[in-house]
Amino acid sequence: METENPVNYKYMGRSFNDLSINDDSTAFSDCNSDRSGEFPSASSQNRRLLLACANSENSDELIRQLVSDLDSCSIDEQKQAALELRLLAKNKPENRIKIAKAGAIRPLISLISSSDPYLQENGVTAILNLSLCDENKELIASSGAIKPLVRALRTGTSTAKENAACALLRLSQVEENKVAIGRSGAIPLLVNLLENGGFRGKKDASTALYSLCTVKENKIRAVEAGIMRPLVELMADFGSNMVDKSAFVMSVLVPVPEAKTALVEEGGIPVLVEIIEVGSQRQKEIAVAILLQICEDSVLFRTMVAREGAIPPLVAFSQSGTNRAKQKAETLIELLRQPRSGNAAARHSDVSV
């Protein structure tokens, strides 16, 4: 697996060990457990679930019974068992370990392939909730969850798709799973969710893609799936609450040449310049870092950025940002003012869009 190394960039005697933005902690909140209501009714089953949540011995006994019910010949019993396991795993970390140790993971994975949308949704969401426990991630992946989760991402309800994206994100936090998830066909489906999902779907898809695209082959898959169009559109929409997330995803993609070309073709340069003009301090810094990378080896792209009027807002930003941001902005200004100087320009003077 080839994971991208930090970008090393030197210009006019200045060196940047990493052009990326490290402060992504508030842009991406981890996909947490499902956000559904706890109990749709005050049924006897749900009352026993409440009791189990309060009593460790009862929960152990109930979990064993529920895992057994997952293999029932009755679809109704399977649905109830999957729902109750999902809810037991939702907010209690200790239950996630107990449920996994009771052997629930494989039968829950089999439910993800069910033609019954309710059964599939509860199977996906139960696996998501179990994946919140780090001890369960490797077992979930090794038990064959990735392909069924990708299938749910393709065919499931909107909730199933969102929770499948979250579950894949959690599994991708084990580094060796990233390639397997990418090769399973998840990337185009996540790009589709980013483009066509509701707000939660877009947020979950962007978070999963940000994690998966630290691997080079997944970057290329994302670009080939057309990710730049929705990223540019979301970055241009300041009311979307997706500017930061989309910019961070773009920042991990642009080290590959295909992403730079696609960004320009989708009209990304004017959007990035506008962000430098009117975005938040963090948004401005991300935009500068992205422009630095696309301008580094292309005279044509430098010329396009300069003609878009980037220099005045860059000058203003260089006088108000952090020291790191100022240095990046000043370096980009120097690049734009001397577009045909430097070894990189000489090597790539024939770049075209």
Side-chain angles (χ1 to χ4, degrees), residues 31-168 170-171:
C31 289
N32 295 317
S33 61
D34 64 284
R35 289 152 237 180
S36 59
E38 284 287 352
F39 301 107
S41 67
S43 66
S44 60
Q45 289 95 336
N46 288 333
R47 282 195 295 271
R48 74 169 179 169
L49 188 56
L50 282 168
L51 177 63
C53 288
N55 186 304
S56 177
E57 290 183 6
N58 284 339
S59 70
D60 290 347
E61 181 181 347
L62 175 59
I63 286 168
R64 287 192 293 269
Q65 181 60 52
L66 291 174
V67 172
S68 176
D69 289 347
L70 290 175
D71 292 322
S72 170
C73 295
S74 166
I75 290 181
D76 287 339
E77 286 188 9
Q78 288 182 314
K79 287 181 180 180
Q80 187 64 36
L83 171 63
E84 294 196 25
L85 287 169
R86 160 186 175 173
L87 295 176
L88 278 169
K90 180 173 180 178
N91 296 315
K92 300 199 71 160
E94 61 270 27
N95 283 343
R96 296 167 191 157
I97 296 174
K98 291 178 181 179
I99 292 168
K101 288 183 176 179
I105 288 175
R106 287 188 184 275
L108 284 171
I109 289 171
S110 70
L111 297 187
I112 297 175
S113 300
S114 172
S115 60
D116 184 296
Y118 184 80
L119 200 53
Q120 181 190 55
E121 184 179 308
N122 278 305
V124 168
T125 311
I127 288 295
L128 163 61
N129 292 350
L130 293 175
S131 73
L132 298 176
C133 173
D134 288 341
E135 293 179 31
N136 291 339
K137 289 176 186 174
E138 291 188 16
L139 178 59
I140 291 171
S142 65
S143 297
I146 291 173
K147 288 185 178 179
L149 286 169
V150 171
R151 192 177 303 118
L153 199 55
R154 180 183 296 109
T155 65
T157 65
S158 59
T159 298
K161 289 178 179 179
E162 292 163 357
N163 289 342
C166 279
L168 290 169
R170 301 296 303 190
L171 297 183

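Quantities reported herein were computed from a predicted structural model and do not represent experimental measurements.
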With a 4.5 Å limit on heavy-atom distance, are the side chains of [X] and [Y] in contact?
X      : Y      : answer
Leu149 : Leu153 : no
Pro93  : Leu132 : no
Leu128 : Arg170 : yes
Leu62  : Ser59  : no
Asn122 : Leu85  : no

| Are a donor atom and an acceptor atom from the side chains of Ser131 and Asn136 found within less than 3.5 Å of each other? |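 Side chains of Ser131 and Asn136: no pair found under 3.5 Å.
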
| Gln80-Glu84 side chain donor-acceptor pair, cut-off 3.5 Å |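 Glu84 and Gln80 do have a side-chain donor-acceptor pair below 3.5 Å.
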
| task | Grab the two heavy atoms, one from Ala102 and one from Val67, that are nearest each other, plus how far apart they are. | result | O-CG1, 3.5 Å

| message | Tell me the closest heavy-atom pair linking Ala160 and Gln120, and the distance in Å. | response |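 Answer, listing the atom of Ala160 first, then Gln120: CB-OE1, 4.4 Å.
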
Approximate separation, where rounding is to 0.5 Å, of [X] [atom1] and [Y] [atom2]:
X      : Y      : atom1 : atom2 : answer
Glu162 : Thr125 : CD    : OG1   : 10.0 Å
Leu130 : Ile97  : CG    : CD1   : 10.5 Å
Ile105 : Ser143 : CD1   : OG    : 5.5 Å
Asn95  : Ile63  : CG    : CD1   : 4.5 Å
Leu70  : Gln65  : CG    : CD    : 10.5 Å
Asp71  : Glu77  : CG    : CD    : 11.5 Å

Side chains of residues 110-117: which donor-acceptor pairs under 3.5 Å do they make with residues two or more places apart or in other chains?
| unit_1 | atom_1 | unit_2 | atom_2 | d |
| --- | --- | --- | --- | --- |
| Ser110 | OG | Pro107 | O | 2.5 |
| Ser113 | OG | Arg151 | NH1 | 2.6 |
| Ser114 | OG | Asp116 | N | 3.0 |
| Asp116 | OD1 | Tyr118 | N | 2.9 |
| Asp116 | OD1 | Leu119 | N | 3.0 |
| Asp116 | OD2 | Lys79 | NZ | 3.1 |

| request: Sequence neighbours left out, what pairs pass salt bridge (charged side-chain N to carboxylate O under 4.0 Å, His left out) with at least one residue falling in residues 123-140? | output: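 Non-adjacent pairs meeting salt bridge (charged side-chain N to carboxylate O under 4.0 Å, His left out): Asp134-Lys137.
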
| message | According to side-chain contact (heavy atoms from CB on, under 4.5 Å), who are the partners of Ala126, at least two apart in sequence or on a separate chain? | response |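 Ala126: side-chain contact (heavy atoms from CB on, under 4.5 Å) contacts with Arg86, Leu108.
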
| query | Taking Arg96 for the side chain and Leu88 for the main chain, is one N or O donor matched with an acceptor at less than 3.5 Å? | reply |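 No.
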
